[in-house]
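Heads up: numbering here begins at 1 and tracks the sequence.
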Amino acid sequence: MKGILTLAIKDLRLLWRDRFGLFWVLGFPLIMALLFGSLYSGSGGAKNIAVAVIDEDATEKSKTYLGNLQKSDALEVSLLDLPTARDKVRQGELTAYIRIEKGFGEQLWGSGENGLPLEVGVDPSKTASRAFLQGILMQTWFESMKDVFLNPKEMQKIVKNELKEIDNSKDMSDEQRGIFKTFMISLDKFMEDVDPDTYSQGEPLGNMQIKTVSVVRDKAHPHSPFDITFPSGILWGLIGCATAFGISIVVE
């Protein structure tokens with residue numbers, strides 16, 4: 001046993017002097033463990049999406065929308081000007097920028113002819129992040145609309161705008177125009193007479209909350225990919241050392 005220990009110490013000293021051999025026996029397995037651990041851990045969990053918001057509308061409704069975006073657990077929101085935001089997205093420091101254009105507060109209820117006044121700049125290669133971000137923007141829009149639905153005065157403004165659009169519509173027949181105007185006038189009268197406190201007790205579009213339950217993680221499984229790659233790297237290094245010792249003993 002003493003002779004084997006002496007040979008092992010001698011081989012370790014020789015291996016330490018042979019830097020190239022030391023790299024392949026110990027360094028390379030460690031690098032591979034770190035590499036594969038980082039790759040698999042990067043693909044496992046979802047990180048918050050880093051975005052910049054540019055509020056060009058600067059109205060009460062746009063500020064409410066911005067506040068709802070900042071409350072989202074899935075976003076990391078920073079307030080920047082448009083050129084800086086574009087540069088950071090182009091350089092990969094941000095996933096996207098969200099530009100709240102002028103007129104957003106006026107068209108919050110309807111999308112208008114050109115859509116909702118929101119411009120989203122995102123790297124076209126990040127398809128998953130873009131789709132996820134669009135879902136968050138729509139969810140935030142519905143949350144912002146909730147305050148409008150529960151406010152009779154705001155609803156009256158919307159009704160009056162809709163009446164103007166009905167009057168200016170060229171594609172609507174006189175019969176259909178009369179039907180829509182009758183409905184909108186009745187709705188305007190309802191919003192004028194209803195008690196705001198009683199009206200605001202309702203929930204627009206029903207209760208949209210989703211029930212969540214806690215699912216405890218099974219501790220018998222690895223907590224991260226490094227739980228697998230590091231033992232594999234160590235085993236690889238031990239095999240390399242054993243191989244080197246075996247060859248040395250045979251040579252001796």
Side-chain angles (χ1 to χ4, degrees), residues 51-72 74-75 77 79-83 85-86 96-122 130-210:
V51 299
V53 178
I54 306 98
D55 185 6
E56 296 180 350
D57 192 44
T59 60
E60 183 178 351
K61 290 186 176 66
S62 67
K63 292 177 181 178
T64 300
Y65 187 79
L66 172 59
N68 289 333
L69 287 176
Q70 291 175 323
K71 293 177 184 177
S72 174
L75 297 180
V77 179
L79 304 180
L80 299 173
D81 57 88
L82 185 57
R86 282 176 175 166
Y97 71 82
I98 304 168
R99 179 187 177 192
I100 305 177
E101 300 177 353
K102 291 183 178 180
F104 176 85
E106 298 176 358
Q107 298 189 32
L108 182 61
W109 159 255
S111 59
E113 296 181 358
N114 300 321
L116 198 65
L118 275 179
E119 177 184 292
V120 180
V122 62
R130 179 173 55 185
F132 187 50
L133 181 58
Q134 287 178 345
I136 295 174
L137 293 177
M138 290 304 299
Q139 177 189 5
T140 307
W141 179 76
F142 278 113
E143 291 175 355
S144 301
M145 284 304 304
K146 179 179 179 180
D147 297 332
V148 177
F149 275 112
L150 295 179
N151 190 332
K153 298 298 182 183
E154 292 294 332
M155 286 295 295
Q156 278 189 286
K157 294 179 183 178
I158 294 172
V159 171
K160 293 184 185 301
N161 289 333
E162 291 296 325
L163 284 171
K164 291 179 182 178
E165 291 187 8
I166 292 172
D167 290 332
N168 296 330
S169 176
K170 298 179 180 179
D171 300 329
M172 191 179 298
S173 65
D174 293 338
E175 180 182 359
Q176 292 298 315
R177 184 179 287 107
I179 293 173
F180 278 101
K181 287 189 67 174
T182 301
F183 170 73
M184 288 297 174
I185 291 172
S186 300
L187 183 58
D188 182 52
K189 179 64 175 174
F190 169 76
M191 292 298 170
E192 182 179 353
D193 296 338
V194 71
D195 178 35
D197 294 333
T198 303
Y199 177 78
S200 61
Q201 293 177 4
E203 277 289 336
L205 303 180
N207 190 351
M208 300 295 290
Q209 294 183 357
I210 299 175

Show, in sequence, the C-alpha distance, side-chain angles and deciding distance for Lys181 and Met184, and conclude whether the side-chain contact (heavy atoms from CB on, under 4.5 Å) test is met.
CA-CA 5 Å; Lys181 287 189 67 174; Met184 288 297 174; 5.7 Å; no
To the nearest 0.5 Å, how far apart are [atom1] in [X] and [atom2] in [Y]?
X      : Y      : atom1 : atom2 : answer
Leu75  : Leu69  : CG    : CG    : 6.5 Å
Glu162 : Phe183 : CD    : CZ    : 10.0 Å
Arg99  : Ile54  : CZ    : CD1   : 8.0 Å
Leu187 : Thr182 : CG    : OG1   : 12.5 Å
Ser62  : Leu118 : OG    : CG    : 10.0 Å
Met172 : Ile179 : CE    : CD1   : 10.0 Å

For a 4.5 angstrom cut-off between non-hydrogen side-chain atoms, does Glu56 reach Leu82?
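Yes, side chains in contact.
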Intermediate values then yes/no, side-chain contact (heavy atoms from CB on, under 4.5 Å), Gln134 and Val122
CA-CA 11 Å; Gln134 287 178 345; Val122 62; over 6 Å; no
Set out, in order, the CA-CA distance, both residues' side-chain angles and the distance that settles salt bridge (Lys or Arg N to Asp or Glu O under 4.0 Å) for Asp167 and Lys164, then state yes or no.
CA-CA 5 Å; Asp167 290 332; Lys164 291 179 182 178; over 6 Å; no
Between Ile98 and Leu133, is a side-chain contact (heavy atoms from CB on, under 4.5 Å) present by the stated rule, with each step listed?
CA-CA 10 Å; Ile98 304 168; Leu133 181 58; 4.3 Å; yes
Test applied, side chain to side chain contact (heavy atoms under 4.5 Å, CB included); reference residue, Tyr65; option that passes from Val53, Asp55, Leu137, Thr59
Leu137
Could you give me the CA-CA distance, side-chain angles and deciding distance for Lys61 and Thr64, then say whether side-chain contact (heavy atoms from CB on, under 4.5 Å) is met?
CA-CA 5 Å; Lys61 290 186 176 66; Thr64 300; 5.5 Å; no
Is it true that Glu192 and Lys160 have a side-chain N and a carboxylate O under 4.0 angstrom from each other?
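No, this pair does not count.
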Which atom names give the shortest non-hydrogen contact between Ala74 and Ile136, and what distance separates them?
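Heavy-atom minimum between the residues: CB-CD1, 3.6 Å.
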